[in-house]
Amino acid sequence: MTTQAPLDLKSTINLPKRILPMKANLVQSEPARLKRWKEMDLYHLILKSRQGRETFVLHDGPPYANGNIHIGHALNKILKDFIVKSRTMMGYACPFVPGWDCHGLPIEIQVDKKLGARKARMSVIDIRRAAREHAAYFVRAQSEDFQRLGVLGEFDNPYLTMDFRYQADIVRAFGQFVREGSVYKGLRAVHWCIHCQTALAEAEIEYRDRQSPSIYVKFPLAGDPARLDAALAGRSVSVVIWTTTPWTLPANLGIAFHPEAEYSAVEVNDAVYIVASALLDEVAGKLGWERWRILARFPGKKLDRLVARHPFIDRESLLMVGDHVTLDTGTGAVHTAPGHGYEDYLLGQEYGLEIYSPVDERGRFTEEVDHFAGLEVFEANPRIIEHMRRLGVLLAEEVITHSYPHCWRCHQPVIFRATPQWFISMDKTGLRQRALRAIESVTWLPEWGYERMRNVILQRPDWCISRQRLWGVPIVAFYCRQCETILITPSIIEHVAQIFEHKGADAWYEMEPHELLPPGTTCPHCGYDQFRKETDILDVWLDSGTSSLAVLPRRGLPWPADVYIEGGDQFRAWFNSSLTVALAARNQAPFRSVIAHGWTVDAQGEKMSKSKGNVIEPQEVIKKSGAEILRLWVASSNYHEEVRISNEILTRLIEAYRKIRNTACYMVNNLWDFDPQRDWIPLHQMLEIDRWILAELEEQLHRVRKAYENYQFYVVYHSLYKFCTVELSAIYFDILKDRLYTSAPKSLGRRSAQTALYLLLDKLTRLMAPILAFTADEIWERFLSHHQPNEAWRPSVHLAEFPASDAAFHDEGLLRRWRELMEIRRQVLKALEIKRAEKEIGSSLEAKVIITGGGPSFELLSQYEDQLPAIFIVSQTELRPAETQQLHIHVTRAEGQKCERCWNYSPSVGQHPRYPTVCQRCVTTLLELESGAHS
RNA sequence: GGGCCUGUAGCUCAGGUGGCCAGAGCGCACGCCUGAUAAGCGUGAGGUCGGAAGUUCAAGUCUUCCCAGGCCCA
């Protein structure tokens with residue numbers, strides 16, 4: 001009985017409702033969400049929810065607390081956040097304690113600049129206080145920037161290497177090396193300014209052009225040269241060296257040759273000289289040789305451990321081989337003074353030479369140097385040259401202009417000079433071998449990390465741990481005021497560590513030696529009880545290398561850590577120092593696995609620099625597009641290599657973000673009248689195409705979970721993105737529109753579709769949550785959280801877990817059939833496009849598709865005949881069997897009139913008197929609606 | 001100069017142990033739709049796989065060299 005008026009057609013269409021807006025407004029919404037997270041204390045909420053679960057610890061490598069974060073920091077911390085969030089969603093308890101490296105030269109330099117002239121009047125304590133404030137300021141600034149990226153962690157209680165307890169633990173770590181006997185005090189050549197009378201770090205050096213003497217000097221070979229080659233028997237043979245620092249010749253203890261390079265013994269008049277064959281012509285030119293004859297040729301290694309005489313001192317000079325010798329300038333025979341050059345120093349150590357440096361802190365030769373004692377080295381240069389000329393050992397002399405290190409303060413040229421330093425021996429206690437063994441059981445990602453780490457360990461010299469600076473942790477050692485004996489024992493170190501733990505390392509500068517030492521301490525050598533304190537501080541790499549010990553056990557976390565992830569530059573640095581410290585303390589690597597990431601470079605793959613103008617600041621991207629875009633950038637990149645970033649790349653990512661978001665919008669906004677409790681359709685009752693997309697989703701889930709487990713976030717990104725664009729947006733959602741919009745709201749077909757959409761949304765949101773941390777949480781908050789059966793998960797998606805795989809969704813046959821149907825669909829779309837180009841149709845609903853053929857594909861189509869119009873999104877289809885294996889697709893205009901309600905064409909339009917503009921399918925729906933069958 | 005790494009369409013990525021005309025998504029061009037609309041759909045054009053030799057019946061995939069770039073060391 002129908003007394004009511006016909007329904008308004010438009011009002012019977014179930015259009016989506018705006019629950020999740022398309023416009024993200026990330027720049028505004030992100031800070032609001034961060035505030036929300038902070039208010040609910042999300043980080044601790046998550047940890048609480050994982051109580052009792054297996055832990056997974058990513059130990060944070062501390063960035064240096066100087067300056068604001070750059071894009072490389074963003075890459076690093078976002079990667080860490082991906083790992084922490086994804087492992088959390090796998091069900092692990094993942095505490096993340098961010099840290100900062102607070103001591104060291106760069107901060108001290110910055111503070112120096114700020115203090116300017118005032119510094120001279122300040123006490124050590126005041127300067128250290130200023131440095132502490134400087135570090136604290138940047139810890140705060142960086143912490144805010146990291147959190148703005150969406151990184152969750154214990155930011156309210158981070159670890160700082162300048163915390164008192166941490167400082168104490170640094171001292172203790174040093175104590176472990178002392179305990180095992182690897183600490184020694186020795187000499188090492190360092191940059192030294194003879195005007196400022198101070199050691200200089202590399203950062204305090206500036207290179208400027210300078211004129212220097214360039215001289216060639218002969219060193220007569222001692223012993224019988226026939227050992228080298230029979231042709232040289234009885235001859236007097238000399239090695240020719242080249243140097244631009246004549247003043248280092250009094251400290252010459254050796255000559256270095258390249259082991260593989262070929263050298264020639266050449267006869268010039270009556271003399272015989274040894275020179276690298278490759279440099280023979282050049283040397284001959286410099287020395288003015290007109291005629292010469294090659295007597296012998298041999299590789300550099302034949303010279304190894306032979307001996308020459310010093311040209312003007314009664315002393316031997318040892319012939320050695322080293323790979324650092326180059327054949328681009330000079331003679332291929334390198335004058336080596338272990339006290340006056342870094343490579344000289346390393347080679348000298350290898351050959352057991354003395355680190356000899358007869359130059360005092362003012363740059364004057366000491367008394368032991370005949371003829372030149374008391375002379376400043378640069379003044380001595382011409383005197384030494386003259387001396388050698390008189391002795392007839394000077395073969396040539398000229399002046400060259402070259403780049404030379406200068407002091408950054410006084411701008412005077414600096415020298416290399418041996419100074420007393422503290423070292424950790426790599427070999428005395430087998431640290432090197434222990435390190436090599438330890439890294440074998442570590443998982444390296446990428447695999448070549450093992451090789452690189454191994455090379456670092458093999459090649460590294462003893463670790464010089466002392467710095468002549470103020471801002472750091474002092475080397476806890478005392479000197480007897482009577483006999484200069486060094487007092488350094490594990491128990492004294494522990495005693496001082498306890499003082500530091502309560503008062504900080506400043507105590508070293510505030511307290512007297514007897515206050516720092518255990519009561520009653522006397523010199524073990526002479527029994528005296530007065531001491532002075534060491535003034536050197538520790539290398540900051542010992543600070544940060546201590547972090548695993550100063551953080552994990554101290555906070556009740558398991559040791560070693562599950563994973564370290566840092567840039568590839570850290571093999572030599574933090575990975576190395578952390579390993580070394582851990583070996584001394586616990587004889588085990590501090591990490592189970594180590595992941596290396598690349599550096600950020602520009603669109604051309606070149607490094608970013610202000611001068612190139614290719615720098616992209618994370619703060620700018622956040623202000624313009626949102627942190628989510630940076631997160632997407634990190635996810636989209638293969639971070640094991642250099643990671644490119646450019647405006648074009650960011651534009652692409654913004655577009656990708658919109659697509660992903662729109663995909664989510666479609667799902668959320670079509671679920672406005674769906675209550676999973678009430679409207680859920682069990683899998684076995686769902687339409688087959690809905691079961692198909694859920695089977696596809698199940699495959700995605702496997703793929704994505706595996707990618708997370710392997711830290712392959714770019715696989716996560718590409719998989720999810722492609723799934724959103726192709727399977728969902730282009731295929732499934734497009735097909736679904738007709739059913740969602742035109743079916744009766746509560747019909748099985750529509751509820752089946754909504755059930756599928758709900759499952760898709762729920763699972764995809766959780767899968768993307770580690771990456772799109774803000775957006776996933778927004779979807780969660782606006783819709784999904786209301787329906788979570790697990791109440792603990794409701795406050796945030798980051799409390800939830802990844803969807804478990806469910807065999808019920810997997811259906812191999814279903815996938816095979818539907819994938820073939822989709823392949824045929826692609827062919828149909830091509831056929832439609834041809835008719836569209838011919839202006840026969842516009843919308844695909846204006847078409848009828850006629851498929852002629854036979855074989856298995858045709859057989860498949862026949863099985864799904866009634867669903868084909870929906871799948872192809874056309875008004876009608878017709879199957880015509882033929883004697884062929886091929887399918888022929890023919891497109892004509894659809895029959896009948898366009899239904900005003902569903903826009904499909906049908907001959908049935910106009911047949912129903914009550915709804916004359918509507919097709920039979922819609923009439924049925926409308927009559928149902930009228931009768932309230934679905935209300 | 002040395003150690004390690006990288007170089008596939010405009011962009012981001014696929015291409016185990018060498019074997020169909022080298023793939024995807026995006027972007028781009030052209031078109032459709034206007035009931036996902038600061039949306040949606042389709043079709044199409046884009047690559048001497050950094051370059052050159054070599055091994056092989058066959059190389060993006062193996063070898064050598066070169067070029068460009070990155071990190072570390074010197």
Side-chain angles (χ1 to χ4, degrees), chain A residues 9-10 13-18 20-24 258 322-328 342-343 346 446 448-456 458-461 567-573 576 596-607 632-633 635-638 640-653 655-656 658-659 661-670 712 714-715 717-726 728-731 733-738 740-742 826 828-837 839 841-846 873 901-903:
Chain A
L9 295 180
K10 186 86 177 174
I13 303 293
N14 317 303
L15 290 180
K17 276 201 179 147
R18 211 190 80 159
L20 183 68
M22 294 179 71
K23 196 164 185 310
H258 194 282
D323 289 332
H324 68 285
V325 175
T326 59
L327 298 178
D328 44 359
Y342 184 66
E343 283 172 323
L346 292 181
W448 51 254
Y450 171 75
E451 193 62 26
R452 187 158 173 185
M453 194 69 240
R454 193 167 170 273
N455 283 328
V456 164
L458 284 172
Q459 287 164 23
R460 69 157 304 168
D569 57 326
Q570 297 302 328
F571 281 100
R572 173 161 290 270
N576 183 230
H597 69 244
W599 278 54
T600 49
V601 293
D602 71 6
Q604 274 67 247
E606 295 187 19
K607 67 173 97 180
L632 210 52
W633 162 67
S636 74
S637 309
N638 178 357
H640 294 307
E641 304 163 8
E642 285 77 60
V643 180
R644 294 177 187 228
I645 188 164
S646 67
N647 286 321
E648 181 186 356
I649 291 169
L650 288 171
T651 304
R652 288 295 97 81
L653 289 165
E655 285 161 356
R658 285 210 193 99
K659 185 71 186 188
R661 187 180 176 92
N662 283 342
T663 306
C665 286
Y666 179 95
M667 293 187 271
V668 174
N669 297 341
N670 273 299
Q712 291 175 306
Y714 50 94
V715 173
Y717 166 82
H718 279 281
S719 304
L720 290 180
Y721 185 36
K722 181 173 175 275
F723 190 64
C724 284
T725 49
V726 181
L728 295 185
S729 186
I731 299 175
F733 289 175
D734 213 26
I735 291 171
L736 221 55
K737 281 185 225 170
D738 179 79
L740 282 171
Y741 300 165
T742 69
R826 268 188 285 278
V828 169
L829 293 177
K830 274 189 222 268
L832 288 170
E833 187 62 23
I834 292 169
K835 290 291 167 190
R836 192 171 287 135
K839 301 289 176 202
I841 58 166
S843 159
S844 60
L845 286 176
E846 290 166 29
I873 319 184
R901 183 167 177 278
C902 73
W903 298 350

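By convention in this document, chain letters (A, B, ...) are assigned in the order of the sequence lines, proteins followed by strands, and residues within each chain are numbered from 1.
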Counterpart residues, ring-ring contact (aromatic ring centres under 6.0 Å, His included), relative to Tyr741(A) (two or more places apart): none

Under the ring-ring contact (aromatic ring centres under 6.0 Å, His included) rule, collect the residues that match up with Phe723(A), sequence neighbours excluded. none

Any donor-acceptor N/O pair under 3.5 Å between G42(B) base and Lys830(A) side chain: no

Phosphate contact (C41(B) OP1 or OP2) by Ser729(A) side-chain N/O below 4.0 Å: yes

Any side-chain N or O of Asn662(A) below 4.0 angstrom from OP1/OP2 of G40(B)? yes

For a quick test of reading the model, state the closest non-hydrogen atom pair linking Val643(A) to Asn638(A) and the distance between them. CG2-O, 4.3 Å

side-chain hydrogen bond (donor to acceptor under 3.5 Å, both in side chains) with [X]: which residues, sequence neighbours excluded?
| X | answer |
| --- | --- |
| Arg826(A) | Glu823(A) |
| Lys659(A) | Ser729(A) |
| Gln712(A) | none |
| Asn662(A) | none |

Identify, with sequence neighbours excluded, every residue that meets salt bridge (charged side-chain N to carboxylate O under 4.0 Å, His left out) alongside [X].
| X | answer |
| --- | --- |
| Arg661(A) | Glu778(A) |
| Lys835(A) | Glu838(A), Glu840(A) |
| Asp738(A) | Arg921(A) |

Separation of atom CZ in Arg18(A) from atom P in G35(B), rounded to whole Å: 18 Å

Grab the CD1-P distance between Ile873(A) and A36(B) for me, whole Å please. 11 Å

For nucleotides 61-64 of chain B, which of its nitrogen or oxygen atoms have a protein nitrogen or oxygen under 3.5 Å away, and what is each distance?
none

Assign a letter to each nucleotide of nucleotides 67-74 of chain B from its 5' end: B, base within under 4.0 Å of a protein heavy atom; S, sugar-phosphate only; -, no contact. --BSBSSS

Quick one: which protein N/O atoms are closer than 3.5 Å to N/O atoms of nucleotides 25-31 of chain B? Pair and distance per line, please.
unit_1: G27(B); atom_1: O2'; unit_2: Arg652(A); atom_2: NH2; d: 3.4

Judged by nearest nucleotide, the residue sitting upstream toward the 5' end of RNA chain B, Lys737(A) or Val325(A), is Val325(A)

